[in-house]
Peer 1: 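Here it is, the structure, as structure tokens.
Position 1 is the first residue of the sequence; numbering continues from there. Only heavy atoms go into these numbers, but all of them, side chains included; no hydrogens, no water, no symmetry mates. No experiment lies behind these values; they were computed from the predicted model shown.
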Amino acid sequence: MIQLSSPTSSPWEEGIYEDSIEKNALGAVTLNGFLSAWALMTLMDPVKSLAYLIYIGYPGDPVSVFHVTRRRRLDRKRLNSHRNVFQCFVFGPGNAGKSALLNALIGRPFVEKYTPTKGDHYATNVIDMSEGANKILVMREILEDAVHKLLENKEFLSPCDVAVFVYDSSDEASWRKTAELLVEVATHAENSGFEVPCVMVAAKDDLDPHPVLITDSARVSQDMGVESPITVSMKLGDISNLFRRIINVAQRPHLSIPETEAGKNHKQYRRLVNRSLMFVSVGAAVTVVGIAAYRMYAVRKHSSG
């Protein structure tokens with residue numbers, strides 16, 4: 001347990017929390033920023049979150065505040081997710097618009113100059129859903145150079161509720177790399193069993209779109225079984241209700257799961273095997289029934305004779 005016997009500084013001024021939450025014009029943490037920061041801390045370090053809860057004098061049983069959700073695989077089987085906090089991994093090449101996407105989540109203004117991200121980068125905020133229920137979205141930027149190393153861990157995608165793939169809609173090379181990342185991550189998910197729904201985001205819609213990408217992205221989306229890319233422009237502030245749409249996808253974890261060709265072939269093979277086993281079972285059952293009927297017939301014939 002973390003010891004907090006003496007006055008401590010704000011936990012939101014250290015580590016990943018400092019640049020990951022919403023603040024007002026004076027630099028103070030907003031209510032939504034405070035709530036989402038607690039959610040992020042609980043995800044990252046539940047023991048520390050519990051310690052701070054005790055430190056501030058929570059009147060009830062602090063442990064009762066924590067809620068253990070069911071496994072994501074069960075969410076997919078039951079065709080829904082009732083989580084209040086959703087974790088989103090954001091993939092994409094450099095200069096595609098990943099950081100701008102995270103900054104938009106916490107209300108930070110768009111910055112024209114490109115600065116490569118170094119180290120862990122998170123953003124979290126409360127999202128007002130159309131049904132009236134608030135959800136918390138936690139976004140984690142995955143650096144392009146780190147993807148291969150991270151995918152060596154079989155359970156890398158286990159805490160992920162939804163994955164977002166961002167590309168520069170004016171740059172063909174950016175799209176090609178994002179498509180490669182989508183296949184790479186989808187392959188890892190199929191092999192590990194931690195399949196996640198995915199959202200494609202065509203960023204920088206304020207620039208002239210590359211003519212090839214419109215048809216090519218639509219084809220790849222259709223082939224892999226995900227929705228067509230959502231066009232956004234962080235520079236113009238046009239995000240097309242993106243964060244709400246991301247949560248909507250996460251709440252239906254059995255849909256929008258990308259399938260590779262290898263994955264499709266494997267599923268088809270399993271269907272053929274299951275169908276063959278069913279035919280074998282039916283055939284065996286018919287044979288057993290036939291033998292039993294013949295024996296009964298033979299007994300009756302012998303008795304009558």
Side-chain angles (χ1 to χ4, degrees), residues 9-23 27 29-30 33 36-45 48-49 85-125 136-153 155-171 173-185 188 196 198-204 206-207 232-235 237 239 242-243 246:
S9 60
S10 169
W12 320 139
E13 296 176 356
E14 59 185 42
I16 62 173
Y17 307 104
E18 183 178 7
D19 296 321
S20 64
I21 57 178
E22 181 184 75
K23 299 178 181 179
V29 178
T30 65
S36 52
W38 269 108
L40 176 59
M41 176 179 286
T42 304
L43 288 174
M44 301 296 295
D45 192 346
K48 187 175 183 180
S49 179
V85 180
F86 292 93
Q87 296 191 65
C88 171
F89 289 1
V90 183
F91 297 89
N95 202 22
K98 299 187 299 297
S99 296
L101 179 63
L102 269 68
N103 287 336
L105 176 62
I106 57 177
R108 288 192 172 184
F110 175 79
V111 178
E112 188 78 43
K113 182 180 178 182
Y114 169 63
T115 303
T117 301
K118 297 180 180 179
D120 293 330
H121 183 199
Y122 289 82
T124 178
N125 211 342
I136 294 179
L137 180 62
V138 176
M139 305 190 82
R140 174 188 176 186
E141 180 178 350
I142 307 298
L143 302 183
E144 178 187 357
D145 295 339
V147 171
H148 183 71
K149 182 68 175 178
L150 290 171
L151 292 181
E152 292 179 356
N153 178 4
E155 298 188 352
F156 167 61
L157 292 175
S158 63
C160 180
D161 295 297
V162 57
V164 170
F165 292 82
V166 186
Y167 65 94
D168 180 348
S169 59
S170 68
D171 185 353
S174 178
W175 157 248
R176 298 297 179 197
K177 183 59 183 177
T178 300
E180 291 174 4
L181 287 171
L182 175 62
V183 173
E184 189 175 359
V185 173
H188 172 84
V196 295
C198 295
V199 176
M200 302 286 289
V201 175
K204 304 185 181 182
D206 51 287
L207 302 177
V232 298
S233 172
M234 300 305 163
K235 183 177 181 178
I239 60 174
L242 176 61
F243 304 122
I246 289 173

Peer 1: So, do L137 and I246 sit near enough that their side-chain heavy atoms are less than 4.5 Å apart?
Peer 2: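 A side-chain contact exists here, since the closest heavy-atom pair is under 4.5 Å.
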Peer 1: Would you say the side chain of M200 lies within less than 4.5 Å of the side chain of L182, judging by non-hydrogen atoms?
Peer 2: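 Counting from C-beta outward, L182 and M200 do come under 4.5 Å.
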Peer 1: Determine whether I16 and L40 make a side-chain contact, defined as any pair of heavy atoms from C-beta on separated by less than 4.5 Å.
Peer 2: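 Of all side-chain heavy-atom pairs linking L40 with I16, at least one is under 4.5 Å.
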Peer 1: Please examine the side chains of V90 and H121, heavy atoms only from C-beta on, and report whether any two atoms are closer than 4.5 Å.
Peer 2: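 Answer no - side chains too far apart.
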Peer 1: For residues S99 and E141, is any side-chain donor paired with an opposing acceptor at under 3.5 Å?
Peer 2: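 A donor-acceptor contact under 3.5 Å links the two side chains.
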Peer 1: Could you tell me the separation between the CD1 atom of I106 and the OG1 atom of T30, rounded to the nearest 0.5 Å?
Peer 2: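 With rounding to 0.5 Å, CD1 (I106) is 10.0 Å from OG1 (T30).
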Peer 1: Can you name the closest pair of heavy atoms from H188 and N153 and give their distance?
Peer 2: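 Heavy-atom minimum between the residues: CE1-O, 3.2 Å.
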Peer 1: Assign the ring pair F165 / F91 to parallel, tilted or perpendicular, where the plane angle (0 to 90°) is split at 30° and 60°.
Peer 2: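 F165 and F91: parallel rings.
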Peer 1: I'd like to know if the side chain of S169 reaches the main chain of A203, judged simply by a donor and an acceptor atom lying under 3.5 Å from each other, with no hydrogens or angles considered.
Peer 2: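 Yes, because the side chain of S169 sits within donor-acceptor range (under 3.5 Å) of the backbone of A203.
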Peer 1: Can you see which heavy atom on G119 is nearest to which on T117, and at what distance?
Peer 2: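 Scanning both residues completely, I find the closest heavy atoms to be O-CG2, 4.0 Å.
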Peer 1: Quick check: do V138 and Y122 have side-chain heavy atoms less than 4.5 Å from each other?
Peer 2: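 Of all side-chain heavy-atom pairs linking Y122 with V138, at least one is under 4.5 Å.
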Peer 1: Roughly how far, to the nearest 0.5 Å, is the CG atom of N125 from the OG atom of S20?
Peer 2: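 Between atom OG of S20 and atom CG of N125 there are 10.0 Å.
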Peer 1: What's the spacing between R108 CZ and E22 CD if we round to 0.5 Å?
Peer 2: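 Interatomic distance, R108 CZ to E22 CD, rounded to 0.5 Å: 11.0 Å.
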Peer 1: Using a 4.5 Å cut-off on heavy atoms from C-beta on, say whether the side chain of L242 contacts that of L101.
Peer 2: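 The answer is yes, as the side chains (C-beta and beyond) meet within the 4.5 Å cut-off.
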Peer 1: For the pair V185 and L157, evaluate side chain to side chain contact (heavy atoms under 4.5 Å, CB included) and give the outcome as yes or no after the intermediate values.
Peer 2: CA-CA 9 Å; V185 173; L157 292 175; 4.0 Å; yes
Peer 1: Would you confirm whether T42, through its side chain, and W38, through its main-chain N or O, come within 3.5 Å as a donor-acceptor pair?
Peer 2: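 At least one qualifying donor-acceptor pair exists.
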Peer 1: Judged by atom type as modelled, is there a donor-acceptor pair below 3.5 Å linking the side chain of D161 to the main-chain atoms of Q87?
Peer 2: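 Yes; at least one donor-acceptor contact below 3.5 Å.
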Peer 1: I'd like to know if the side chain of D206 and the backbone of S233 have a donor-acceptor N/O pair within less than 3.5 Å.
Peer 2: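 Side chain of D206 to backbone of S233, a donor-acceptor pair under 3.5 Å: no, none is there.
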Peer 1: Could you measure the distance from the CD1 atom of I21 to the CE atom of M41? Nearest 0.5 Å is fine.
Peer 2: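 Between atom CD1 of I21 and atom CE of M41 there are 9.5 Å.
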Peer 1: Looking at side-chain heavy atoms only, is the closest gap between N95 and D168 below 4.5 Å?
Peer 2: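 Result no, sub-4.5 Å side-chain heavy-atom pair not found.
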Peer 1: Is there a side chain to side chain contact (heavy atoms under 4.5 Å, CB included) between K149 and F156? Walk through the geometry before answering.
Peer 2: CA-CA 10 Å; K149 182 68 175 178; F156 167 61; over 6 Å; no
Peer 1: Closest approach of A39 and I136, non-hydrogen atoms and distance?
Peer 2: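 Answer, listing the atom of A39 first, then I136: CB-CD1, 3.7 Å.
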Peer 1: Could you check if a side-chain atom of K235 sits within less than 4.5 angstrom of a side-chain atom of E112, using non-hydrogen atoms only?
Peer 2: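 Yes. Closest side-chain heavy atoms under 4.5 Å.
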Peer 1: Does A37 offer a backbone N or O that forms a donor-acceptor pair with the side chain of T124 under 3.5 Å?
Peer 2: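 Pair absent, no side-chain N/O of T124 close to backbone of A37.
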Peer 1: Are the side chain of K98 and the backbone of P93 linked by a donor-acceptor contact shorter than 3.5 Å?
Peer 2: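 Yes.
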Peer 1: If we ignore hydrogens and angles and just use 3.5 Å, is the side chain of E144 paired with the main-chain N or O of G94 as donor and acceptor?
Peer 2: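 Confirmed, E144 side chain pairs with G94 backbone.
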Peer 1: Heavy-atom count around K23 NZ within 6.0 Å, excluding the residue itself: above 12?
Peer 2: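 Yes, because the 6.0 Å sphere around NZ of K23 holds more than 12 heavy atoms from other groups.
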